[in-house]
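Since the structure comes first, as structure tokens, the remarks are kept for the end.
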Number of protein chains: 2
Amino acid sequence: MKMSEGVEWGLHCCLALAWLGDDTAVPTATLASAFDVPPHYLNKFLQALVRADILASSAGVKGGFRLAKRPEKITLLDVVTAIEGPEASFRCTEIRRRGAGVTARPSEFAMPCGIAIAMGRADAAWRRELAAQTVADLVKAAPPAGAERMRCWYAPRAR
Amino acid sequence: MKMSEGVEWGLHCCLALAWLGDDTAVPTATLASAFDVPPHYLNKFLQALVRADILASSAGVKGGFRLAKRPEKITLLDVVTAIEGPEASFRCTEIRRRGAGVTARPSEFAMPCGIAIAMGRADAAWRRELAAQTVADLVKAAPPAGAERMRCWYAPRAR
DNA sequence: GCGATGCTACTCGGATAAAAACTGTCCGAGTGGCATCGG
DNA sequence: CCGATGCCACTCGGACAGTTTTTATCCGAGTAGCATCGC
């Protein structure tokens, strides 16, 4: 059960875009060099964030990505869901119904599988915690030096 | 981020063993036929549960698996950790330090990455919820008919 | 001088290969029960 | 009849392929800015 690296990349990109402000579009190559990750692969995840309406993309010579909404409106759950997909990590395949021990007794299986309920409870707690934090919270928690450095580094690259 | 099927299988096996009682050892083949899963593959996960001291195995002609401790002492987190491994799903690779924008400023990175903290908080909530439930709770939540059916099905196979 | 127009360089976007992890399968080492044999 | 002993079938345990998901890469469609040309 390993989460994709794209989640970490996507969150860092969102934080960087929040630092740089709403009016600057940053292309994939610039973000990739900022974190030293494969540009074309990073692009894949940025596309997923655009599809989820977290980022907005613009084409052309001064194009790139920017946040599609205010940082307070982007939860960590939004980013994770956009990249990892909406399904829960645990998926009940109803093995209790298969197998030799079952003799067609539908009433017993009217109520959902207790194991699935228990795992779903943990998954809900996980999502609740993720939904409680936004990109704006990341901005507040991070040291101001990071934002300053990112701006100073980006400035000469913007034209 | 998909969890292994082995978690579901392992939990159902623990529940079945709790139903059958402490004094009967159930071999892999029997458990596999109860859920219609590949026997040799299921064995792999049962071995992991033995290594984690959740199940106890006995060899020989009447051997098999049984619970290594009382159901109240086995949390869902124990089972998940035994099969999925102890690592968190999100792993911070510190990409903030790599990349062209960094100019060797160790003081800024003395404090841990805020994104890792946020994700770790969600992971902790998930584990807390899993640790709060035991196999004994599964037994109580499940309908009694299930236990009865399992016992009736297993009885003629025991010698 | 001013506006329209064509071009060019740059961007995103999705389709295409390599790698890793998960899934599934197999056979060997070891052990406990059971029948046999001896007393 | 009772106990010791050897055998054998059955078990777990770890090592070996197949398949799906993840990772990484590439090239094409489209667009915005800019220089050029005409008025």
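Chain A is the first sequence line, chain B the second, and so forth, proteins listed ahead of strands; every chain is numbered from 1.
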Atom CZ of F45(B) to atom P of dG14(D): distance rounded to whole Å?
-> 15 Å

Give the rounded distance in Å between these two atoms: CE of M1(A) and P of dT23(C).
-> 12 Å

Give every residue pair that meets the salt bridge (Lys or Arg N to Asp or Glu O under 4.0 Å) criterion with at least one member in residues 29-43 of chain A, sequence neighbours excluded.
-> none

Pairwise 5' ranking along DNA chain C for S58(A) and K2(A), keeping only the more 5' one | S58(A)

Beyond-backbone contact of L31(B) with L46(B), side-chain heavy atoms, under 4.5 angstrom | yes

Which nucleotide in dC12(D), dA24(D), dT23(D) has an atom nearest any side-chain atom of W9(A) | dA24(D)

Out of dG13(D), dG13(C), dC12(D), which has the shortest distance to the side chain of Q47(B)?
-> dG13(D)

By a strict heavy-atom criterion of less than 4.0 Å, which residues belonging to residues 12-24 of chain B are in contact with DNA chain D?
-> none

Whole angstrom value for the distance that separates C1' of dT21(D) from CD of E87(A) | 13 Å

Give every residue pair that meets the side-chain hydrogen bond (donor to acceptor under 3.5 Å, both in side chains) criterion with at least one member in residues 7-18 of chain B, sequence neighbours excluded.
-> T93(A)-E8(B)

If only side-chain N and O atoms of R66(A) are considered, is one of them under 4.0 Å from the OP1 or OP2 phosphate oxygen of dT11(C)?
-> no

Under 3.5 Å, which donor-acceptor pairs do the side chains of residues 137-146 of chain B form with other protein atoms, sequence neighbours left out?
unit_1  : atom_1 : unit_2  : atom_2 : d
D137(B) : OD2    : T134(B) : N      : 3.0
D137(B) : OD2    : T134(B) : OG1    : 3.3

Could you list the donor-acceptor pairs under 3.5 angstrom formed between side-chain atoms of residues 14-26 of chain B and any protein atom two or more places apart in sequence or on another chain?
none

Protein-nucleotide distance (F65(B), atom CZ; dC10(D), atom P), rounded to Å | 17 Å

side-chain N/O T28(B) vs dT11(D) OP1/OP2, d < 4.0 Å = no

Taking the side chain as every heavy atom from C-beta outward, state whether M119(A) and L130(B) have any atom pair closer than 4.5 Å.
-> yes

Along nucleotides 25-37 of chain C, 5' to 3', which nucleotides get a B, which get an S, and which get a -, given that the test is a protein heavy-atom distance under 4.0 Å?
-> BBB---BSS----

Going by the salt bridge (Lys or Arg N to Asp or Glu O under 4.0 Å) test, which pairs reach into residues 116-134 of chain A, not counting sequence neighbours?
-> D123(A)-R127(A)

May I ask you to say what G64(A) touches in the nucleic acid, namely base, sugar-phosphate or nothing, with a heavy-atom cut-off under 4.0 Å?
-> sugar-phosphate

How many Å lie between CD on E5(A) and P on dA19(C), as a whole number?
-> 17 Å

Quick one: ring-ring contact (aromatic ring centres under 6.0 Å, His included) partners of F90(B), sequence neighbours excluded?
-> none

When rounded to whole Å, the CG to C1' distance for the pair D36(A) and dA24(D) reads 14 Å

Grab the CE-P distance between M3(A) and dA21(C) for me, whole Å please.
-> 17 Å

Rounded to whole angstrom units, what separation is found between the CZ atom of R91(B) and the P atom of dT22(D)?
-> 13 Å

Pairwise salt bridge (Lys or Arg N to Asp or Glu O under 4.0 Å) hits with a residue in residues 78-94 of chain A, at least two apart = E87(A)-R91(A), E94(A)-R96(A), E94(A)-R97(A)

